[in-house]
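This is a predicted model, so every value here is computed, not measured.
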Amino acid sequence: MVATLLSIFAAFHRSEVKMSGQKEVTFIMVKPDGVQRGLVGEIIKRFESRGFQLVGCKMMSPSKEHLEKHYADLKSKSFFPGLIKYMSSGPVVAMAWQGKSVVKTGRAMLGATNPLESNPGTIRGDFCIDIGRNICHGSDSVESGKHEVELWFGEKTEDYSLCTESMIYE
């Protein structure tokens with residue numbers, strides 16, 4: 001075990017471990033219901049345990065205008081006004097996660113948008129019932145991930161290497 005730890009730290013310090021080509025980014029947001037229910041740590045734990053890298057995280061109370069930009073693709077839907085009202089009802093936790101296939105895997109970890117269609121073991125399958133209180137948002141494509149991370153974090157996400165990358169990636 002000590003030898004393994006030493007080799008990880010040695011590789012980290014020599015910058016031998018590269019995740020090049022695997023730095024896909026996704027945006028995950030814990031919605032007001034998830035924050036109020038104290039599930040932020042559980043959600044972070046699941047993404048970290050999977051091996052993904054947290055490169056941005058902040059708690060905030062987004063403005064109506066910011067939420068309207070974020071959910072612009074849903075503006076024509078009848079539920080849009082209620083969604084914006086709910087999402088601005090309390091703080092959210094905005095996160096940027098990085099890793100190989102993080103968008104697709106992140107969506108699978110969240111579960112179906114409708115929690116009643118989510119499998120046990122997914123975040124929504126384990127923690128919620130109603131679609132209007134489905135705990136979290138996750139980017140639905142690589143392009144959306146880039147756009148949403150920029151919308152919520154601008155150019156300011158962290159760029160660092162995990163010392164465990166060689167244990168996660170081939």
Is the backbone of [Y] close enough, under 3.5 Å, to the side chain of [X] for a donor and an acceptor to pair up by distance?
{"X": "Y86", "Y": "K31", "value": "no"}
{"X": "Q53", "Y": "E165", "value": "no"}
{"X": "S88", "Y": "K85", "value": "yes"}
{"X": "R37", "Y": "F127", "value": "yes"}

Query raised in the report: Which class fits the ring pair W152 and H66: parallel under 30°, tilted 30 to 60°, perpendicular over 60°?
Result: perpendicular
**Report entry** For D130 against P115, the heavy-atom pair lying closest together
**Finding:**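 Heavy atoms only, the tightest pair is O-CG, 3.5 Å.
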**Report entry** Non-hydrogen atoms of L74 and L83 that approach each other most closely
**Finding:** CD1-CD2, 3.9 Å
Query - From CA spacing to verdict: side-chain contact (heavy atoms from CB on, under 4.5 Å), V25, W97 - result: CA-CA 6 Å; V25 67; W97 289 93; over 6 Å; no
Requested in this report: Count the heavy atoms belonging to other residues, nucleotides or ligands that lie under 6.0 Å from CG of D159, then report whether that count exceeds 12.
Outcome: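 Atom CG in D159 is not packed in, count stays at 12 or less.
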Query - Pairwise distance NE2(H147) to OG(S139) - rounded to 0.5 angstrom - result: 9.5 Å
Requested in this report: May I ask you to say whether K69 pairs ionically with E65, meaning some side-chain N is under 4.0 Å from a carboxylate O?
Outcome: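 Salt bridge: no.
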Query raised in the report: Are any of the side-chain nitrogens in E158 or K156 under 4.0 Å away from the carboxylate oxygens of its partner?
Result: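 Yes, charged N to carboxylate O under 4.0 Å.
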